[in-house]
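Worksheet: the structure to be examined is printed underneath.
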Amino acid sequence: MEAKPTNFIREIIDADVASGKHKEIVTRFPPEPNGYLHIGHAKSICINFGIARDYGGRCHLRMDDTNPTKEEREYIESIQTDVRWLGFDWGPHEYYASDYYQQIYEHAVGLVREGKAFVCHLNADQMREYRGTLTEPGKQSPYRERSVEENLDLFARMKNGEFSDGHCVLRAKIDMTSPNMNMRDPVIFRILRASHPRTGDAWCVYPMYDFAHPLSDAFEGVTHSICTLEFEDHRPLYDWVVRECRPVGGTPRQIEFARLNLSYTVMSKRKLLRLVKDGLVSGWDDPRMPTIQGMRRRGYPPTALRAFADRVGVAKRESTVDLALLEYCVREDLNKTAPRVMAVLNPLKVVITNYPAGETEQLEAVNNPEDPAAGKRQVPFSREIFIEREDFMENPPPKFFRLAPGREVRLRYAYFIKCAEAIKNAAGEVTELRCTYDPATRGGDAPDGRKVKATLHWVDAGCSLAAEVRLYDKLFTRENPEAGPEGTDFSANLNPDSLKVLSDCRVEPHLAAAQPESRWQFERLGYFCVDNDSAPGKLVFNRTVTLKDEWAKIQKRGA
RNA sequence: UGGGAGAUCGUCCAAUGGCAGGACAGCAGACUCUGGAUCUGCUUAUCUAGGUUCGAAUCCUAGUCUCCCAGCCA
């Protein structure tokens with residue numbers, strides 16, 4: 001159950017609904033198709049689609065594709081895949097800013113006609129000079145007072161491809177002395193002889209974001225255009241464009257909220273790109289990446305991501321959410337949904353000396369104690385099994401409850417066993433345990449009522465399957481990867497232990513046909529999902545997140 | 001030293017002049033065939049200084065700190 005959130009944006013919408021300002025609430029998620037979506041986008045997607053859902057309105061998926069030099073088809077598809085995977089449906093409302101090029105162009109012509117835009121021949125350096133600084137006003141372009149006719153002609157020639165890239169631009173005529181830099185006659189169209197992923201070579205002028213975005217919103221009847229804080233300064237320009245162009249559709253209102261930051265990771269496209277390009281991770285879908293594809297491959301369920309988005313809330317204060325909250329949401333979800341199974345990551349052989357050789361029996365195990373409907377399964381048991389190496393200590397410290405010489409523990413769903421002897425190799429390492437079992441404890445309960453302090457997971461030596469398990473941890477060692485010593489950047493804070501590959505793991509036979517992306521709890525270890533690299537006979541699992549681990553905490557305290 | 005925005009437990013979000021509350025994290029305990037889950041309890045916060053008011057996180061004044069803006073990126 002996802003509790004219905006409330007926040008300042010919804011309060012604005014509530015007021016707009018109450019006043020009758022809008023009949024229907026329309027939002028939009030407007031990614032630029034120049035990279036992969038990450039958890040920050042997921043927050044925005046949940047806000048926009050969530051509002052549409054809760055207010056009985058609609059949310060458009062609009063590609064903000066106004067810069068052909070940076071955008072690619074590949075990204076459009078990955079964005080759609082990710083939004084769908086997150087569980088949202090834009091129905092027929094799939095739009096592209098590029099579909100509006102003609103209308104946007106016409107509105108620019110309209111501005112020119114009304115003397116509110118002009119063609120400027122200042123080059124980039126000159127324009128920067130004329131723009132002034134944060135504390136000094138800018139100067140008017142010498143081209144600012146050209147006649148409407150000349151501007152019309154020049155803009156038409158820009159569009160017709162008569163000029164080279166950067167030869168001139170179309171600027172809105174607003175106010176060079178404005179303290180808001182965005183209002184100092186901003187460029188609204190530039191010449192770009194680049195092939196566009198959708199319009200090909202049909203255009204050689206492309207609108208700037210500040211011009212295309214408000215118009216696109218208006219065309220689509222978007223009522224609330226929700227974006228991040230850095231666009232706050234653009235709002236006066238957004239409103240100017242809508243006011244001056246009077247587009248058919250409606251008058252959208254821009255509202256800004258604080259983007260999501262997550263501890264122990266980086267979120268900007270630039271830095272994510274560097275991780276990929278420098279080979280610091282295996283790709284955009286590396287399970288350590290905060291990308292939606294990375295989290296998907298890691299095994300985070302979409303329902304958990306949505307719950308997370310609800311829990312972090314929406315506000316204007318910039319903040320960094322603790323990764324622990326995300327992990328909590330993932331565990332909360334998987335605890336209810338992931339079937340339990342037994343797997344041994346670091347196998348230690350155990351021979352049960354009083355168990356008949358050559359015999360195998362089937363024991364009944366519960367698939368999910370949180371979900372009776374998940375049913376039960378059989379797990380094979382015989383004289384030789386594997387347990388987790390960590391579950392045995394020859395000289396156990398006080399709070400270690402697991403197996404030790406002379407100690408009795410329970411094998412989950414099986415029997416009580418008692419350790420008789422630890423066999424070591426020449427190096428003094430324990431290579432095998434000799435134990436005895438109590439046949440009366442079959443299933444895991446002692447008829448005489450005696451208790452054990454620990455229950456261990458295990459797999460049958462003969463029937464279990466080999467598997468590779470990839471243990472993932474935080475990508476960075478610092479909460480804020482940027483906050484390293486002087487002269488270093490985030491790459492200096494990469495966690496060298498963020499990935500450990502274990503190639504000699506054993507899992508119970510129930511997992512033989514486990515499908516890629518299926519999620520499981522390995523009892524006592526954590527949640528794992530089948531990686532896409534997995535194949536029958538060559539199982540590969542990714543650790544999604546560990547279980548909460550009291551023993552690890554005790555150990556850490558002692559250390 | 002221009003303009004815009006924001007400051008509440010360790011973290012995130014609420015309280016819209018009337019007992020500062022929730023979640024995560026942390027700590028302690030209960031329970032447990034997962035040292036999981038569940039349950040119980042506890043610790044911890046209004047940026048500062050003035051003012052208005054019976055009463056201020058909220059209103060006013062002055063300050064402090066943080067973030068954003070000088071792309072023909074979005």
Side-chain angles (χ1 to χ4, degrees), chain A residues 5-7 11 30-32 34 64-67 69-71 120 122-124 127-129 131-138 165-171 178-184 186-192 206 208-210 212-213 227-236 256 258 260 263 269 311-329 331-332 335-336 340 342 365-366 369-370 399-402 409-414 416 441 443-446 451-457 479 521-526 546-554:
Chain A
T6 181
N7 56 56
E11 281 169 13
E32 181 188 15
N34 71 342
D64 224 335
D65 56 348
T66 54
N67 187 348
T69 65
K70 293 191 175 175
E71 295 148 10
C120 181
L122 252 25
N123 65 36
M127 202 175 298
R128 192 176 313 119
E129 244 172 71
R131 186 154 33 226
T133 68
L134 295 177
T135 51
E136 304 156 33
D165 284 15
H167 180 77
C168 55
V169 295
L170 184 72
R171 292 224 254 167
S178 172
N180 182 343
M181 303 294 285
N182 295 300
M183 301 298 271
R184 319 244 260 230
V187 173
I188 56 175
F189 259 94
R190 79 287 215 190
I191 301 169
L192 244 33
Y206 292 90
M208 297 289 288
Y209 165 86
D210 281 316
H213 203 88
C227 63
T228 45
L229 250 29
E230 69 269 27
F231 292 102
E232 220 153 14
D233 284 346
H234 294 242
R235 191 175 351 120
E256 311 85 12
L260 174 69
S263 60
K269 274 182 189 170
R311 277 177 191 263
V312 300
V314 182
K316 297 196 72 155
R317 172 158 53 137
E318 296 179 70
S319 59
T320 301
V321 175
D322 194 339
L323 179 63
L325 180 63
L326 212 208
E327 296 191 333
Y328 171 84
C329 293
R331 289 192 187 102
E332 182 190 41
N335 176 48
K336 292 190 203 104
R340 272 59 168 175
M342 289 195 283
V366 172
E370 304 292 321
K399 288 191 172 158
F400 185 85
F401 302 145
R402 285 110 96 144
V409 299
R410 174 190 296 112
L411 292 178
R412 183 105 159 124
Y413 299 125
F416 284 12
T441 57
D445 284 306
K451 302 282 184 201
V452 287
K453 294 205 79 172
T455 299
L456 308 188
H457 61 276
E479 264 186 47
Q521 184 195 101
F522 289 180
E523 293 223 21
R524 302 210 304 136
L525 296 173
T546 60
L547 252 24
K548 275 173 65 181
D549 190 345
E550 198 66 26
W551 171 237
K553 225 184 260 180
I554 293 167

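Letters A, B, ... mirror the listed sequences (proteins, then strands); counts begin at 1. Worth saying up front: this structure is predicted, and the values here are computed from it rather than measured.
In this structure, CD1 of I188(A) is placed 16 Å from C1' of G71(B), rounded to the nearest angstrom. Rounding to whole angstrom units, CG of residue L547(A) and C1' of U32(B) are separated by 14 Å. Nucleotide C68(B) holds its P atom 16 Å from the CD atom of E256(A), rounded to whole Å. L229(A) places its CG atom 10 Å from the C1' atom of G4(B), with the value rounded to the nearest Å. The distance from atom CD of E230(A) to atom C1' of C73(B) is 12 Å, rounded to the nearest whole Å. Rounded to a whole Å, the CD atom of E136(A) is 14 Å from the P atom of G3(B). Look at CG on L411(A): it is 13 Å from C1' on U34(B), rounded to the nearest Å. Spacing between atom NE2 of H457(A) and atom P of U34(B) amounts to 13 Å, rounded to whole angstrom units.
Across all strands shown, Q521(A) has heavy atoms under 4.0 Å from base atoms, whether or not it also approaches the sugar-phosphate. At the heavy-atom level, Y206(A) lies nowhere under 4.0 Å from the strands shown. D445(A) comes within 4.0 angstrom of a base, heavy atoms only. At the heavy-atom level, E11(A) lies under 4.0 Å from base atoms of the strands shown. Here M208(A) lies in heavy-atom contact (under 4.0 Å) with sugar-phosphate atoms only. Nucleic acid contact class of T320(A) (heavy atoms, under 4.0 Å, all strands): sugar-phosphate only. Residue L122(A) is classed as a base contact, given a heavy-atom separation below 4.0 Å to a base. Base contact: F400(A) has a heavy atom under 4.0 Å from a base atom. Counting any heavy atom pair closer than 4.0 Å across all strands shown, E523(A) reaches a base atom. If you check every strand for non-hydrogen atoms under 4.0 Å, V366(A) touches nothing. At a threshold of 4.0 angstrom between heavy atoms, the contacts of Y413(A) include nucleobase atoms, whether or not backbone atoms are also involved. If you check every strand for non-hydrogen atoms under 4.0 Å, T66(A) touches sugar and phosphate atoms only. Here N123(A) lies in heavy-atom contact (under 4.0 Å) with a base. Contact annotation for V169(A): base contact, defined as any heavy-atom pair under 4.0 Å involving a base atom.
Between the base of G3(B) and the side chain of D233(A) there is a donor-acceptor pair shorter than 3.5 Å. In terms of polar N and O atoms assigned as donor or acceptor, the side chain of E370(A) comes within less than 3.5 Å of the base of G36(B) in a complementary pairing. Side-chain N/O atoms of R402(A) and base N/O atoms of G35(B) include a donor-acceptor pair closer than 3.5 Å.
Remark: P179(A) engages no residue in a side-chain contact (heavy atoms from CB on, under 4.5 Å) (not counting sequence neighbours).
Comparing the P positions of C67(B) and U61(B) gives an interatomic distance of 26 Å, to the nearest angstrom. With C1' as the reference atom, G17(B) and U52(B) are 11 Å apart, rounded to whole Å. Going from the P atom of G18(B) to that of C59(B) covers 12 Å, rounded to whole Å. G63(B) sits 38 Å from C73(B) when the C1' atoms are compared, rounded to a whole Å. Across A7(B) and U1(B), the matching C1' atoms stand 23 Å from one another, rounded to whole Å.
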Base versus backbone protein contacts along nucleotides 20-26 of chain B [heavy-atom cut-off under 4.0 Å; B, S, -]: ---SSSS

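OP1 or OP2 of G71(B) lies within a sub-4.0 Å distance of a side-chain N or O belonging to R128(A). Between C72(B) and R131(A), a contact under 4.0 Å exists linking OP1 or OP2 to a side-chain N or O. Residue R190(A) places at least one side-chain N or O under 4.0 Å from the OP1 or OP2 atom of A74(B).
The side chain of A315(A) sits closest to A14(B) out of C73(B), C72(B), A14(B). Nearest to the side-chain atoms of R340(A) among the listed nucleotides A70(B), A5(B), G36(B) stands G36(B). Distance from the side chain of H234(A) is smallest to A74(B) among C72(B), C12(B), A74(B). The nucleotide whose nearest atom lies closest to any side-chain atom of A124(A) is, among C72(B), C67(B), C12(B), C72(B). For F401(A), whose side chain is taken as the heavy atoms from C-beta onward, the closest listed nucleotide among G35(B), C13(B), A37(B) is G35(B). For K316(A), counting side-chain heavy atoms from C-beta on, the closest listed nucleotide (G6(B), G35(B), C73(B)) is G6(B). Ranking C73(B), G36(B), C69(B) by closeness to the E550(A) side chain, first place goes to G36(B). Comparing C72(B), A74(B), U34(B) by their nearest atom to the side chain of T455(A) picks out U34(B). Comparing atom distances between the T135(A) side chain and each of C72(B), A5(B), G2(B) picks out G2(B) as nearest. Taking the side chain of V187(A) as heavy atoms from C-beta on, and the options C72(B), C73(B), A5(B), the nearest nucleotide is C72(B).
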Pair pattern of RNA chain B in dot-bracket, where unpaired bases get dots and | marks partners in another strand, Watson-Crick or G-U under 3.5 angstrom: .((((((..((((....[..)))).(((((.......)))))....(((((..]....))))))))))).....

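A glycosidic torsion no more than 90° from 0 defines the syn conformation; G21(B) lies beyond that range and is anti.
The residues E32(A) and K70(A) are annotated as not salt-bridged, no charged nitrogen and carboxylate oxygen being separated by less than 4.0 angstrom.
Ring orientation note: the planes of W551(A) and F400(A) are nearly perpendicular, at an angle over 60° on the 30°/60° scale.
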